[in-house]
A.B. asks: 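My structure is below; once you've seen it, I'll send some questions.
Residue numbers begin at 1 in each chain, while the letters A, B, ... track the order of the sequences.
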Protein chains: 2
Amino acid sequence: MTTTRRFPTREELRIWRDFIETGEAVRSAMAARLQRDGLSSGDYTVLLALSEAPGRRLRSSELAATVGWERSRLSHHLGRMEKRGLIRREECLTDNRGAEAVLAPAGLEIFQQVNRPHLRDIREIFVDALTPAQLEATGEIMAALREHLARE
Amino acid sequence: MTTTRRFPTREELRIWRDFIETGEAVRSAMAARLQRDGLSSGDYTVLLALSEAPGRRLRSSELAATVGWERSRLSHHLGRMEKRGLIRREECLTDNRGAEAVLAPAGLEIFQQVNRPHLRDIREIFVDALTPAQLEATGEIMAALREHLARE
DNA sequence: CGGGCATAATTGACACGTCAATCAGCTTGG
DNA sequence: CCAAGCTGATTGACGTGTCAATTATGCCCG
């Protein structure tokens with residue numbers, strides 16, 4: 001009876017824009033809080049991954065896979081973090097092409113300072129804004145979007 | 001009875017990360033499609049606003065308000081779009097400080113070419129991925145997040 | 001063995017976004 | 001009227017992200 005609509009309705013469009021804009025607003029609010037401790041979201045992502053890695057070190061490519069970044073993005077970011085003394089780079093013993101990123105003392109210290117406040121911020125900005133049912137629905141919606149994306 | 005939890009649970013954290021990462025994935029998928037026509041998301045946003053404005057022109061500050069951007073972001077973006085011939089800048093007659101952004105013929109043409117495919121992409125990437133109930137829930141969740149953010 | 005291909009990582013060029021500083025023109029209170 | 005301050009817009013510096021090219025090494029097959 002009803003054929004597949006070609007274009008979104010006004011309401012669907014509104015929700016789409018809400019989705020995009022709210023995501024940006026939430027990320028930017030979180031970035032602002034992290035910034036108070038001098039970290040960007042990317043910094044936190046890297047520090048978290050390294051702090052959880054055995055020996056607090058990871059091959060560049062493993063780190064990239066862990067955080068889901070492209071190599072070159074990681075390379076640029078590590079360069080900036082190294083300049084600030086948050087990480088070090090070392091050569092890889094088992095593969096001369098390889099590089100390892102090592103959590104530096106300054107990086108560990110700031111991560112430990114920032115981690116609990118950051119988790120609290122996630123609760124304040126995100127978890128507390130939603131009912132348990134909405135939170136669950138969010139999980140399902142994100143899963144549906146990702147699965148749909150993957151089917152292309 | 002139950003005091004406010006200090007930190008998110010594992011599950012809440014998972015949903016938080018899903019929310020952030022899915023948002024990034026969806027935006028990036030959309031950006032890739034627009035890119036096939038040589039436009040960034042920002043370009044589309046500006047072209048849409050201008051194409052709907054009376055005379056296809058807007059004062060810079062009004063354009064900034066319409067799309068919700070900071071002035072300086074808009075200024076940089078308009079500079080790039082002007083270089084590509086998508087818009088022109090003209091002086092404002094009523095306020096010598098002012099500048100107007102005017103949709104250039106090339107900008108109008110590409111916008112008209114891109115608009116319908118873009119709307120179709122929104123349906124394919126976003127609307128089609130969700131059930132009607134999920135779509136409605138998304139609207140409510142985004143509203144809740146924004147309202148919560150505004151309360152700070 | 002060694003030429004050719006794959007892989008690890010970096011680099012450079014460029015688009016994008018934010019922040020702080022700047023500049024010009026409007027506006028207003030004494 | 002005019003100095004002080006406000007507003008519109010741009011700019012420069014810098015962090016960030018992507019893409020394509022590059023460099024160096026490992027690996028495999030003939």
A.B. asks: Is B:His77 near enough to C:dG17 that one of its side-chain N or O atoms lies under 4.0 angstrom from OP1 or OP2?
C.D. replies: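 Looking at the OP1 and OP2 atoms of C:dG17, one of them is under 4.0 Å from a side-chain N or O of B:His77.
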A.B. asks: Can you find an N or O donor on one side and an acceptor on the other, under 3.5 Å apart, linking the side chain of A:Arg97 with the base of C:dT7?
C.D. replies: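 Between C:dT7 and A:Arg97, which were checked side chain against base, a qualifying N/O pair under 3.5 Å is present.
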A.B. asks: Report the nucleotide, chosen from C:dA9, C:dC26, D:dC19, that has the shortest atom-to-atom distance to any side-chain atom of A:Arg71.
C.D. replies: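 Closest nucleotide to the A:Arg71 side chain: C:dA9.
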A.B. asks: Might you confirm whether atom CZ of B:Arg14 has over 12 heavy atoms from other residues, nucleotides or ligands at distances under 6.0 Å?
C.D. replies: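 Above 12, so yes.
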A.B. asks: Is any N or O donor-acceptor pair between the side chain of B:Ser40 and the base of C:dC16 shorter than 3.5 Å?
C.D. replies: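 It does not, because no donor-acceptor pair links the side chain of B:Ser40 to the base of C:dC16 below 3.5 Å.
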A.B. asks: From the set D:dA9, D:dT11, C:dT10, return the single nucleotide nearest to any side-chain atom of B:Ser72.
C.D. replies: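 Closest of the options to the side chain of B:Ser72: D:dT11.
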A.B. asks: Looking at every non-hydrogen atom in both residues, tell me the closest pair between B:Leu34 and B:Ser41 and how far apart they are.
C.D. replies: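 Minimum heavy-atom contact is CD1-CA, 3.8 Å.
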A.B. asks: Reckon A:Asn96 has a side-chain N or O less than 4.0 Å from the OP1 or OP2 of C:dA8?
C.D. replies: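 Indeed not, no polar side-chain atom of A:Asn96 lies that close.
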A.B. asks: Between C1' on D:dG17 and CZ on A:Arg80, what's the gap in Å once rounded to a whole number?
C.D. replies: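 Computing the A:Arg80:CZ to D:dG17:C1' distance gives 8 Å.
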A.B. asks: B:Ser61 side chain: which of D:dG8, C:dA9, C:dG17 is closest?
C.D. replies: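 The listed nucleotide nearest to B:Ser61's side chain is D:dG8.
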A.B. asks: How about A:Met30 and A:Ile122: do any of their side-chain heavy atoms sit closer than 4.5 Å?
C.D. replies: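 In short, these two side chains touch, coming nearer than 4.5 Å.
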A.B. asks: For the pair made of NE2 in A:His76 and P in D:dA21, what is the distance, rounded to whole Å?
C.D. replies: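 In whole Å, D:dA21 P and A:His76 NE2 are 15 Å from each other.
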A.B. asks: For A:Ser75, answer base if it contacts any base atom (sugar-phosphate contacts may also be present), sugar-phosphate if it contacts only those atoms, and nothing otherwise; contact means non-hydrogen atoms under 4.0 Å.
C.D. replies: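 If one applies the 4.0 Å heavy-atom cut-off, A:Ser75 turns out to touch a base.
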A.B. asks: For A:Arg89, answer base if it contacts any base atom (sugar-phosphate contacts may also be present), sugar-phosphate if it contacts only those atoms, and nothing otherwise; contact means non-hydrogen atoms under 4.0 Å.
C.D. replies: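 Result for A:Arg89 = sugar-phosphate.
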A.B. asks: Got a sec: does the CZ of B:Arg116 have more than 12 other heavy atoms crowding it under 6.0 Å?
C.D. replies: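 Incorrect, the count does not exceed 12.
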